[in-house]
*Asks:* 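This is the structure I want to talk about, given as structure tokens.
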2 protein chains.
Amino acid sequence: MSERVCYLDNAATTYPKPPGVSKAMLETMKNIGASPGRGGHRMSLMAGKVLFGTRERIAGFFNVPDSRNVVFTKNATESINIALKGTLRPGDHVLASGVEHNAVMRPLEKLSRGGVPYTIVPCGRQGFLSPDDLEKAILPSTRLIVLTHASNVTGTILPVLEVGKIARSRNIIFLVDAAQTAGALRIDMEEMNIDLLACTGHKGLMGPQGTGFLAIREGIKLDTLVEGGTGSRSESIEQPDLLPDKFESGTQNTPGVSGLEAGIAFIENEGLDKIREREKALTRKLLEGLSGVKGVEIFGPLDPEKQTAVVSFRVSGKDPGETAEILDSKYGIITRVGLHCCPLAHKTIGTYPEGTIRVSPGFFTTDSEIDYFLRSVGKI
Amino acid sequence: MSERVCYLDNAATTYPKPPGVSKAMLETMKNIGASPGRGGHRMSLMAGKVLFGTRERIAGFFNVPDSRNVVFTKNATESINIALKGTLRPGDHVLASGVEHNAVMRPLEKLSRGGVPYTIVPCGRQGFLSPDDLEKAILPSTRLIVLTHASNVTGTILPVLEVGKIARSRNIIFLVDAAQTAGALRIDMEEMNIDLLACTGHKGLMGPQGTGFLAIREGIKLDTLVEGGTGSRSESIEQPDLLPDKFESGTQNTPGVSGLEAGIAFIENEGLDKIREREKALTRKLLEGLSGVKGVEIFGPLDPEKQTAVVSFRVSGKDPGETAEILDSKYGIITRVGLHCCPLAHKTIGTYPEGTIRVSPGFFTTDSEIDYFLRSVGKI
């Protein structure tokens, strides 16, 4: 087993985190012994401040006009489930792209058995979606369009801006799964006409696992998946209708949320553009290097401008699982192999069922790590 | 504002946590850059180990025969919602006690509008529930009984053992909300005939906020609230039926879960009986002390054997909110005032809508802190 560790699985979770993240979590654990919004004593107010401050920071970062419309969840999957199940009713129809993650496909599949059919708009072999194709697939009963902002398999960036315009003009709810792009690409809820923005905290936003949120455009009617104590309107056994409380039943992950705020603060401090430029440079280096290795087949746009820092590849004549295993055990290189919870995208790019090896550098990845990775693939 | 802090709100969240809790979280943040069960590389395996180890510890602690039947959630509220909504269908009837928290009441209220009626079995003024009363309230359509193990307002312990026998003999699903008792009282899923055990991690179990779990008896058919990527059976857009994956879609709170394991390890190391004895002693001291203060009215069993370390009281002629505010600002004593997300219990004990002041010491509370609290109440 190699002693060295070269982490290239940032599309699964970013690692390492900025030092401020653990520090914020530790401070919260040490100083705040209270549930936010549960009573007026000083510690409860401190806990409330952690949530409020993070909510404000998220609202600013994604241009959500009112931070109360940002509700915390435990991960993007929960956010997506609330968004889909809180809006769709039997008879409604849904459109989704051909590269959606199982976080979208599995709830859609379940909903379809309850009378909410969906249509997949096919993507090209590189994962691109044509807004025209999507528009043509709209039915009179289409109530919601769900789109991943970028494929978690190939990094392909989907045309959120264009689809947002279509959705708004047709009065269709537009849900964006930003698991792969929050903290990596600029996202503006207003400009992009996004009605529901589902994010995780532990990927591009550099926060800890166990955090996420759903941002809800004012006026979108959304039912709850979970009800319970909110610390507000405690006299009533009816779930309160006010945001964010309506969707934040039970004690929230205060230490996690404080870590998430530190992650976003780091990004704001460095600058999102700088992070994107760095990730583009790493992607370019990866693409150029891999295309020079004999027998390597690369999937996706092959263009850093059109993708996030995610590259999927295979070595011809080799099982992807075996290649990844050698990369890990012999070279200490951590990648992710298989279907990446996304059989649909692999069918789209023609790598189903065997999958690919996915390499995803992050802001902290060095050039020499990419060089080392490329040398190691060359040896295999 | 008093500089001193005397924390007596452990029924909301235990504070401080054992030192191992933050340490475990920090180690996880530092060393594990991976989502559990997402790929076979070393860090993913480490993350999987964190979840597996905690699952095993929970299974041992609560006597769950197979640790796969322990599924992680973000809080007890989520666990209760999965339990109720995953089992109940229109036409089913539910029984609940007269001291249930809004974490139970609000989902029940919502379910009732969907054709699942419920009946509240009244409790006495001290919060006690008669198993006979409950048995008499069973209807042919009663499919589930939900019981809090102890009231979060008065600490009153409910007859889980007796009700478990009744539920099993009548073939009714038995759901226990152990938010107030996990880590405080002994809970044995098998002996108590509990079908679904909903727990939070950040109270008696001394873990961080953002953790919780639901333990599911083998054979209980439970539908999901949330579907998504599980890292298992990735080729399918159908939610896998295997436990725990079925209920753990999306990336789990790995740092939080590692903290939870450290919390339970602390309890096992100290011994649950020792913790219970200590909390009984503190409760006795509180009850004796408060009953000696002129004008103080105490609610609940007034017997440490029959309650958890929770005491609700009022000072006659004083608004509870005002009293709590003085305790906080002048004496630095942190209590919780109001309805405690539990209007039902306050109606039961006759303190609705003004509520009570709740004092809840924890294992780390000192005798001198109780003395200080009692002196301060005396001065008010």
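On a predicted model such as this, the values are computed, not experimentally measured, just so you know. Computed from heavy atoms alone, side chains included, the values below leave out hydrogens, waters and symmetry copies. Order of the sequence lines sets the chain letters (A, B, ...), proteins ahead of strands, with each chain counted from 1.
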*Asks:* What part of B:H202 is in contact with chain A, defined as an atom under 4.5 angstrom from a non-hydrogen atom: side chain, backbone, both or neither?
*Replies:*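 Interface part for B:H202: side chain.
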*Asks:* Just give me the residue among A:L344, A:V21, A:T224 that pairs up with chain B most often, heavy atom to heavy atom, under 4.5 Å.
*Replies:*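 It is A:T224.
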*Asks:* Could you have a look at A:K23, A:M29, A:M25 and say which one has the most heavy-atom pairs with chain B under 4.5 angstrom?
*Replies:*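 With the most close heavy-atom pairs to chain B, the winner is A:M29.
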*Asks:* Would you mind checking if B:K85 and A:E227 are paired as a salt bridge, meaning a charged N to carboxylate O distance below 4.0 Å?
*Replies:*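 Between B:K85 and A:E227 there is a salt bridge, with a charged N closer than 4.0 Å to a carboxylate O.
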*Asks:* Answer yes or no: is there an ion pair linking B:E238 with A:K110, defined by an N-O contact shorter than 4.0 Å?
*Replies:*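 Between A:K110 and B:E238 there is no salt bridge, as every charged N stays at least 4.0 Å from the carboxylate O atoms.
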*Asks:* Looking only at heavy atoms and a cut-off of under 4.5 Å, which of A:F72, A:Y7, A:Y15 has the most pairs with chain B?
*Replies:*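 Highest number of pairs under 4.5 Å: A:Y15.
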*Asks:* For residues B:N102 and A:I237, determine if any side-chain heavy atom of one lies less than 4.5 Å from a side-chain heavy atom of the other.
*Replies:*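 Of all side-chain heavy-atom pairs linking A:I237 with B:N102, at least one is under 4.5 Å.
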*Asks:* Less than 4.5 Å to any heavy atom of chain B: does that hold for the side chain of A:P16, its backbone, both, or neither?
*Replies:*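 When you check distances to chain B, no heavy atom of A:P16 falls under 4.5 Å.
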*Asks:* For the interface with chain A, which of B:E78, B:K17, B:H101, B:M43 has the highest count of heavy-atom pairs at distances below 4.5 Å?
*Replies:*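 Winner by heavy-atom pair count: B:M43.
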*Asks:* Closer than 3.5 angstrom, by distance alone: can the side chain of B:N75 be matched with the main-chain N or O of A:Q252 as a donor-acceptor pair?
*Replies:*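 Checked: no pair found.
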*Asks:* Select one option (side chain, backbone, both, neither) describing which atoms of B:L108 are under 4.5 Å from chain A's heavy atoms.
*Replies:*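 Interface part for B:L108: neither.
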*Asks:* Is there a donor in the side chain of B:R106 and an acceptor in the side chain of A:T230, or the other way round, less than 3.5 Å apart?
*Replies:*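 Checked: B:R106/A:T230 side chains pair up, N/O donor to acceptor below 3.5 Å.
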*Asks:* Sort out for me which of A:T77, A:I82, A:L26, A:N10 touches chain B most, counting heavy-atom pairs under 4.5 Å.
*Replies:*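 Most pairs with chain B among the choices: A:T77.
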*Asks:* How about B:Q209 and A:T251: does a side-chain donor come under 3.5 Å of a side-chain acceptor?
*Replies:*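 No pair is found: no donor N or O on one side chain lies under 3.5 Å from an acceptor on the other.
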*Asks:* Could you have a look at B:A103, B:P107, B:P353 and say which one has the most heavy-atom pairs with chain A under 4.5 angstrom?
*Replies:*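 If we count pairs closer than 4.5 Å to chain A, B:P107 comes out on top.
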*Asks:* If you count heavy-atom pairs under 4.5 Å between each of A:G321, A:S236, A:A179 and chain B, which one has the most?
*Replies:*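 The candidate making the most pairs under 4.5 Å is A:S236.
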*Asks:* Rounded to the nearest 0.5 Å, what separation is found between the OG atom of B:S44 and the CG atom of A:D9?
*Replies:*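 Nearest 0.5 Å value for the OG-CG distance: 8.0 Å.
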*Asks:* I'd like to verify something: which residue of B:L327, B:D223, B:T14 has the highest number of heavy-atom pairs under 4.5 Å with chain A?
*Replies:*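 Looking at each option in turn, the highest pair count goes to B:D223.
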*Asks:* Do you see a donor-acceptor pair shorter than 3.5 Å between the side chains of B:R42 and A:S329?
*Replies:*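 No pair is found: no donor N or O on one side chain lies under 3.5 Å from an acceptor on the other.
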*Asks:* Could you check which of A:G212, A:G355, A:P240 has the highest count of heavy-atom pairs closer than 4.5 Å to chain B?
*Replies:*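 Option with the top pair count is A:P240.
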*Asks:* Is the closest side-chain heavy-atom distance between B:L225 and A:N81 below 4.5 Å?
*Replies:*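 Side-chain contact under 4.5 Å: no.
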*Asks:* For the interface with chain A, which of B:L84, B:V257, B:I80, B:N31 has the highest count of heavy-atom pairs at distances below 4.5 Å?
*Replies:*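 Among B:L84, B:V257, B:I80, B:N31, the one with the most close pairs to chain A is B:N31.
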*Asks:* A:S234 versus B:H340: any side-chain heavy-atom pair under 4.5 Å?
*Replies:*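 In short, these two side chains do not touch, never coming nearer than 4.5 Å.
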*Asks:* I need the minimum non-hydrogen distance between B:G229 and A:C341, along with the two atoms involved.
*Replies:*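 Closest approach of B:G229 to A:C341: CA-SG, 3.9 Å.
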*Asks:* Looking at side-chain heavy atoms only, is the closest gap between A:S22 and B:K30 below 4.5 Å?
*Replies:*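 No, side chains not in contact.
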*Asks:* Among B:T200, B:V104, B:T254, which residue forms the greatest number of heavy-atom pairs with chain A at distances under 4.5 Å?
*Replies:*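 Of the options given, most contacts go to B:T254.
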*Asks:* Count the heavy-atom pairs under 4.5 Å between each of B:T211, B:V226, B:T28 and chain A, then report the option with the highest count.
*Replies:*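 Heavy-atom pair counts peak at B:V226.
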*Asks:* For B:R113, which atoms come within 4.5 Å of any heavy atom of chain A: side chain, backbone, both, or neither?
*Replies:*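 Just the side chain, heavy atoms under 4.5 Å.
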